[in-house]
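Structure, as C-alpha cells:
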Amino acid sequence: LLRSQGHHRSRARRRVVARGLAALARDLGDRHLECAAIDGLGNVAQAEGRLDEALVHYEQALTLARETLKKAFTLRTLASLVNRRCASAR
C-alpha cells in the first residue's frame, strides 16, 4: 500500500511539474519546451491508465512538434501515440 501511494504521489508531482513547465514555456514562447512538457503530461496520464487524456496530450505535442519542425521530437511523439493506441487495443 505504501509503495502504491508513493507511486501515486510521484506521478501527481510529475503532472504538476509538467503542467507548470508547459505554462512557463508557453509564456516564454519556447515551443520545444512546451512540446516536451505536454508529451510528459501524456506519459503521466498513460501511466495512470487515463488513456484518452494521454492521447489528447500526445496529439497536442505532435501538433507543436510539427509546427516547430523538430523532426526528432515529432518521431518520438508519434511513437507515444502508437504505443497509446496499441495499449487501448488490448
Could you grab the distance from atom [atom1] of [X] to atom [atom2] of [Y], nearest 0.5 Å is fine?
X: Q60; Y: L55; atom1: CD; atom2: CG; value: 10.0 Å
X: L41; Y: R50; atom1: CG; atom2: CZ; value: 9.0 Å
X: Q46; Y: R11; atom1: CD; atom2: CZ; value: 11.0 Å
X: H57; Y: C35; atom1: NE2; atom2: SG; value: 13.0 Å

Subject >> For the student: nearest non-hydrogen atoms of G42 and A54, plus distance >> reply: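 In this case the closest contact between G42 and A54 is O-CB, 3.4 Å.
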Original post:
Looking only at heavy atoms, what is the nearest atom pair of A18 and A37, with distance?
Top reply: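 Scanning both residues, the minimum pair turns out to be O-CB, 3.5 Å.
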Subject >> E34: partners by side chain to side chain donor-acceptor pair (under 3.5 Å), with sequence neighbours left out >> reply: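 Expected list: R26.
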**OP:** Report yes or no: do I38 and V56 belong to one cluster of Ile/Leu/Val/Met/Phe/Trp/Tyr joined by side chain heavy-atom distances under 4.5 Å?
**Re:**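 Result: no, two separate clusters.
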Original post:
With sequence neighbours left out, what residues match L24 under side-chain contact (heavy atoms from CB on, under 4.5 Å)?
Top reply: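 L24 satisfies side-chain contact (heavy atoms from CB on, under 4.5 Å) with L28 only.
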Original post:
Where do T63 and E59 land on the side chain to side chain contact (heavy atoms under 4.5 Å, CB included) test, with the steps shown first?
Top reply: CA-CA 6 Å; T63 297; E59 288 173 345; 5.6 Å; no
